[in-house]
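First comes the structure, then the notes that go with it.
Throughout, protein chains are lettered first and strands after them, A, B, ... in sequence-line order, and every chain is numbered starting at 1.
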Amino acid sequence: MIDVTIIGAGVIGSAIARELSRYDLDVLVLEKESDVCEGTSKANSGIVHSGYDAKPGTLKARFNVEGNKLIHELSKTLDFPFKENGSLVLALEEEGRKGIEELLERGKANGVPGLRILEKEELLGLEPNVSETAVCALYAPTGGIVCPFNMTIAFAENAADNGVMFRFDTKVNSIGKKTSDNGEAYYVLDTTGGSFETKTVINAAGVYSDVFHNMVSEDKIHINPRKGQYLLMDKAAGELVKSTLFQLPSKLGKGVLVTPTVHGNLMVGPTAEGIEDPEDTSTTSEGLDLLAQKGALSVKALPRLTITSFAGLRAHEDGGDFVIGEVKDSPGFIDAAGIESPGLTAAPAIGAYVAGIVKDILKASEKKEFISVRKGIPSMALATPEEREALIASDPSYAHVICRCELVTEGEIKNAINRTLGARTVDGIKRRTRAGMGRCQTGFCLARTIPLLAQALGVDEEQIRKSGKGAYYIEGKIKDNL
Amino acid sequence: MTDRKADLIIIGGGPAGLAAAVSARKEGLRDILILERDTRLGGILNQCIHNGFGLHTFKEELTGPEYAARFIRQAEEEKIPYMLDTMVIDISFDPETGLKKVTAMNPGEGIFTIDAKAVILAMGCRERPRGALNIPGYRPAGIYSAGTAQYYVNIEGRMPGKKVVILGSGDIGLIMARRMTYEGAKVLCVAELQPYSGGLKRNIVQCLDDFDIPLLLSHTVVDIKGKERVEGVTIAEVDENRKPIPGTEVFYECDTLMLSCGLIPENELSNKLGVKMNPVTNGAFVNESLETSVPGVFACGNVLHVHDLVDYVSGEAATAGKNAAAYIRGEKNEEGAVINIKTENGVRYSVPSTVRTGNMPDTLTVRFRVGNEYRDTNLAVYLDGKQLMRLPKRVMAPGEMEQIILVKSKVTDIVSEAGTADHELVIRVED
């Protein structure tokens with residue numbers, strides 16, 4: 001009997017796993033994809049919100065503000081890229097001033113530090129490339145940008161280092177409620193990888209979290225997935241703005257953000273489209289056109305330097321707030337459901353909160369040997385000259401460049417494969433090291449990454465996948481078909 | 001960190017870098033070093049196993065590796081030093097000393113810097129990726145740039161797919177249509193956004209027509225299906241504004257989408273160095289000596305502007321090598337006039353973009369491309385308002401480079417007569 005089973009290895013499941021790994025508990029994470037961070041967590045804005053947006057008193061407001069503080073600390077202890085670049089909500093017309101003032105009041109009620117309104121002159125002083133039509137802006141100095149992949153991976157790796165088990169390619173088909181001989185409730189999870197008995201279940205299944213909740217509860221919830229499309233631009237455009245620029249929702253619609261990413265690209269997005277299919281991560285020409293149009297409202301000139309576009313899904317629950325806590329009619333089944341924006345920011349706070357519930361249910365005690373720190377994969381691109389020398393001295397393959405656009409070396413890729421919960425797919429390497437994330441988008445490095453992965457895993461190159469089960473790159477040898 | 005010195009550093013050991021090195025050596029320059037990021041010299045030619053190379057340079061038809069081998073042999077006979085697996089990560093210019101500091105690394109020597117008197121940029125180009133084309137749809141495995149697919153087929157002997165749609169009629173795409181067919185794949189069609197092909201006429205005939213592969217001009221991919229591996233693409237016709245026409249969509253079931261939609265010079269290092277760039281070519285602005293805005297830094301080959309034939313790359317690179325050697329020898333002529341070349345009315349750019357008559361050879365080749373297909377027109381060249389030449393042209397197309405040859409004596413005659421400080425040479429298409 002397992003103590004805790006977490007469904008989903010996204011940022012929420014991984015953050016909960018990491019917090020649970022403080023305790024003397026058997027923890028298992030089940031993930032239907034081949035890696036952590038394969039769903040909503042991999043395709044979002046990468047923003048650490050300061051917390052003025054959510055209505056006071058909601059779970060979103062509470063966990064956003066707490067999560068923001070935690071990420072500031074965790075980015076150091078768990079070594080993932082984070083930058084407090086500040087965010088601005090732009091009023092693009094005079095009527096917007098009232099909305100900006102409302103946001104300021106809401107932020108104060110939520111306990112967001114440092115908020116203030118910038119008039120046009122000060123705004124343009126801070127961000128010279130902001131659109132001339134901007135009237136004023138709400139400035140949130142604690143807003144930040146984070147690498148959503150490496151934050152999720154850092155949580156998961158640290159959890160695994162502390163004994164949490166991860167099983168990938170394992171999809172939960174059904175959940176059965178049982179009662180043991182001594183009258184205690186437990187659950188049986190039937191999965192594509194066998195069946196698991198567990199005392200408690202944590203539902204961190206993203207856009208599928210309603211499905212699992214509804215398997216065990218009469219009090220139904222409903223997730224309406226919302227698609228968000230994004231444009232990612234070349235690093236040559238990355239210095240257009242320093243802060244994250246939001247647009248105040250207006251009669252023109254909800255608005256999109258224009259932000260530098262923590263790695264120095266420029267990103268525009270997201271759209272917000274209600275969709276039926278919780279697997280529909282396709283981009284559309286309408287969506288991409290809309291982003292270019294709306295993004296151009298925030299800045300004087302939006303460069304045409306797109307290197308890729310993508311879409312992610314947000315798990316919007318009909319009630320509009322996060323659904324977090326033990327399900328009333330299913331003791332030991334804990335939801336972390338309906339986690340949409342600001343879910344990435346809230347993740348570590350949700351992790352600590354949910355772990356606390358489980359600890360109380362199972363009366364768990366803290367481990368003595370908990371490892372609280374994690375060291376990320378070194379980055380030659382970001383390293384100082386001295387650090388570079390030291391890395392190459394430790395392993396000369398840190399001087400062998402594989403991805404020229406992002407300056408990623410063989411040493412980094414080997415590290416990504418060989419570490420805890422190491423990369424097993426090309427996308428796994430990409431998210432851990434940035435190989436293939438640059439302007440040529442794997443044009444040159446794919447043919448070098450695949451052999452490294454094949455060699456490390458002891459398989460033929462034909463077995464190497466982009467990500468999911470059928471995502472093979474190579475279809476046999478030449479002339480096979482003749 | 002080891003510090004070294006060299007007269008001439010050549011960044012890139014492909015066709016441009018090799019020809020530049022050989023030429024500089026023939027000028028008597030001893031202290032040359034080629035830095036190559038790949039495991040062998042020859043650059044992209046190593047994967048271009050089809051023939052058609054060398055008709056101009058060697059008057060025979062060679063494959064890419066054979067063409068490269070001729071230059072590699074010359075470089076080795078001349079004992080020109082080179083370093084493989086070596087990536088240049090930074091380059092800077094010291095205006096005080098005129099030296100260029102090149103920082104590079106490789107597994108054998110770690111990170112090192114070299115102070116060079118002159119540098120030749122010969123880094124080549126990369127392919128435009130899907131994201132830059134704004135093709136909507138899913139992001140599965142099975143979307144390859146044509147060059148990546150070519151590497152897999154020709155170097156690794158592996159098939160990137162079996163049923164292929166190609167977007168873009170650039171030369172690599174056309175060559176890959178034929179190659180994939182040879183190796184046992186079915187190529188369904190080549191779709192091209194423009195109303196004309198981006199590749200050479202001979203490649204359309206030999207790679208598509210001969211294999212009954214349809215070329216769909218004014219068509220583009222509007223959707224990609226398949227979450228894991230490509231399952232198909234939707235192709236639609238586009239209007240004169242290159243926008244898809246609703247109702248013309250056709251779905252092609254395939255496992256591979258290959259992209260051959262343009263090449264982009266790899267000038268990230270040039271940008272670090274502060275070289276002035278031409279937004280039309282994405283390559284450096286250069287003068288008649290192929291020298292960039294940074295003194296002693298020269299550029300040639302596809303990093304300067306994307307060429308149609310490697311023979312022209314070799315010729316251009318030889319010029320860069322020769323001029324780099326002259327720069328190192330301290331030969332510089334500040335006298336004479338400066339002519340700015342202006343391109344208009346269908347001519348998109350020119351290389352070079354300025355000519356200093358004092359440094360001009362007896363004849364100077366100016367290369368450029370046109371922006372559209374032209375039939376039965378003329379190339380007209382004016383210098384300071386006077387017609388210098390007028391060349392009848394039966395066909396000109398964006399896929400093929402054009403050139404004019406300026407004769408120094410004629411140029412200096414007109415320039416000295418004009419008696420102004422600013423001189424302008426205009427190249428344009430005329431009826």
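- Looking only at side-chain heavy atoms (C-beta outward), A/T271 and A/Y230 stay at 4.5 Å or farther from each other.
- Only the side chain of A/I392 has a heavy atom closer than 4.5 Å to any heavy atom of chain B.
- Taking chain A as the reference chain and counting heavy-atom pairs below 4.5 Å, the highest number among B/R37, B/E183, B/E268, B/M87 is found for B/E183.
- Comparing B/S145, B/A104, B/G137 by heavy-atom pairs within less than 4.5 Å of chain A, the highest count is held by B/G137.
- Between the OG atom in A/S394 and the CD atom in A/E389 there is a gap of 11.5 Å [rounded to 0.5 Å].
- If you measure heavy-atom distances from A/K469 to chain B, the contacts under 4.5 Å come from the backbone alone.
- Taking the ring centre of A/Y398 as origin, the terminal cationic atom of A/R388 falls outside the region bounded by 6.0 Å and 45° from the ring axis.
- Of the possible donor and acceptor atoms, none in the side chain of B/N267 sits under 3.5 Å from a partner among the backbone N and O of B/N271.
- With chain A as partner, the option from B/Y182, B/Y151, B/Y144 having the largest number of non-hydrogen pairs under 4.5 angstrom is B/Y144.
- Using a 4.5 Å cut-off between heavy atoms, A/R448 contacts chain B through its side chain alone, with no backbone atom that close.
- The CE atom of B/M180 sits 8.0 Å away from the CD1 atom of B/I166 when rounded to the nearest 0.5 Å.
- The parts of A/D280 that come within reach of chain B are both its backbone and its side chain, each placing non-hydrogen atoms under 4.5 angstrom from that chain.
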